[in-house]
Number of protein chains: 2
Amino acid sequence: MHISDINNAIRNRRKTLSINQSDLADLSQIGLRTIKALESGAANPRINTLQKVCDVLGLEILIRVKGPGD
Amino acid sequence: MHISDINNAIRNRRKTLSINQSDLADLSQIGLRTIKALESGAANPRINTLQKVCDVLGLEILIRVKGPGD
DNA sequence: AGCATAAATGCATTATACTGCACTTTATCA
DNA sequence: TGATAAAGTGCAGTATAATGCATTTATGCT
């Protein structure tokens, strides 16, 4: 899944785990306001912010060389 | 490759493509100072910044659910 | 419908990424 | 070894992510 879909990835994963934004904020040690911004898609978050949320949600961010067939 | 190795990924890829930091900065529309920070690893860049550089270098950032065997 | 919980929005403040400029240090040559 | 290019560093200004608080809107349940 491409990084541009990060907002949906986060929201879907959070709902799969049945936690609300407030809980995710606490677990991630990130402000609730920031979680909302993340999920809204209108955000340009810092990589550390993303990493913290992904850690809690069991998501991982990867980087690789783009292949011919992508 | 995990996102925590982004600085090496960028530097290695840049050298593979035989361009210098200044060229990468221009092509990415990002300040030279920021490129240097990125490659030094002492950075917490915004996702858009990362994306611009990766676009030029032919790198892609992916997100996925962490599996049991990772 | 009425109530409770979750989520969205506006605003002000703080923290810090991003930037350019000037300078230093380190490679890479002829 | 001297010249040139590339990379690293310090600093100050600007842009914006991150945050909290208060309020509003949406969602779900009995």
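Letters A, B, ... mirror the listed sequences (proteins, then strands); counts begin at 1. Here the structure is a predicted model, which means the values were calculated and not measured. As a basis for the values below, the full set of heavy atoms in this structure was taken, side chains included, without hydrogen atoms, waters or symmetry mates.
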Looking only at heavy atoms, what is the nearest atom pair of Lys52(A) and Gln29(A), with distance?
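Scanning both residues, the minimum pair turns out to be NZ-O, 4.1 Å.
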Across the strands shown, which category fits Thr49(A) at heavy-atom distances under 4.0 angstrom: base, sugar-phosphate, nothing?
sugar-phosphate
Which one of Ile47(A), Ile61(A), Ile63(A), Leu50(A) satisfies the side-chain contact (heavy atoms from CB on, under 4.5 Å) criterion with Leu50(B)?
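So, applying the side-chain contact (heavy atoms from CB on, under 4.5 Å) to Leu50(B) and each of Ile47(A), Ile61(A), Ile63(A), Leu50(A), only Ile47(A) qualifies.
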ILVMFWY cluster, Leu62(B) and Met1(A) together (side-chain gap under 4.5 Å)
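In one cluster: no.
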Do the side chains of Leu32(A) and Leu57(A) join up, straight or via other hydrophobic residues, at under 4.5 Å, putting them in one cluster?
no
Euclidean distance, Leu59(A) CG relative to Arg14(A) CZ, rounded to 0.5 Å:
12.5 Å
Interatomic spacing from OG in Ser4(B) to CD in Gln51(A) - rounded to 0.5 Å:
7.0 Å
Check whether any side-chain N or O of Asp26(A) sits under 3.5 Å from a backbone N or O of Asp23(A) as a donor-acceptor pair, and report yes or no.
no
Taking the side chain from Asn44(A) and the backbone from Asn48(B), do they hold a donor-acceptor pair closer than 3.5 Å?
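Yes, because the side chain of Asn44(A) sits within donor-acceptor range (under 3.5 Å) of the backbone of Asn48(B).
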[X] has an atom [atom1]; how far is it from atom [atom2] of [N], in whole Å?
{"X": "Gln51(B)", "N": "dC18(C)", "atom1": "CD", "atom2": "P", "answer": "14 Å"}
{"X": "Lys36(B)", "N": "dA27(C)", "atom1": "NZ", "atom2": "C1'", "answer": "13 Å"}
{"X": "Leu32(A)", "N": "dA8(C)", "atom1": "CG", "atom2": "P", "answer": "10 Å"}
{"X": "Ile47(A)", "N": "dC18(C)", "atom1": "CD1", "atom2": "C1'", "answer": "16 Å"}
{"X": "Gln29(B)", "N": "dT19(C)", "atom1": "CD", "atom2": "P", "answer": "10 Å"}
{"X": "Asn48(B)", "N": "dT19(C)", "atom1": "CG", "atom2": "P", "answer": "11 Å"}
{"X": "Gln21(A)", "N": "dA8(C)", "atom1": "CD", "atom2": "C1'", "answer": "8 Å"}

Looking at dA15(C), I'd like to know if its phosphate oxygens (OP1 or OP2) sit under 4.0 Å from a side-chain N or O belonging to Arg46(B).
no
Ignoring backbone atoms, test whether Arg14(A) places a side-chain nitrogen or oxygen under 4.0 Å from the OP1 or OP2 oxygen of dA7(C).
yes
Taking heavy atoms of chain B and a 4.0 Å limit, find me the 5'-most and 3'-most nucleotide of DNA chain D within that range.
dA6(D) to dA17(D)
Rounded to 10°, tell me the angle between the two end axes of the helix from dA1(C)-dT30(D) to dA30(C)-dT1(D), each built from five pairs.
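Nearest ten degrees gives 60° for this helix.
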Between Arg33(B) and Ser22(B), the residue closer to the 5' end of DNA chain D by nearest nucleotide is Ser22(B)
Listed partners of Arg64(B) passing side chain to side chain donor-acceptor pair (under 3.5 Å), at least two apart
Glu60(A)
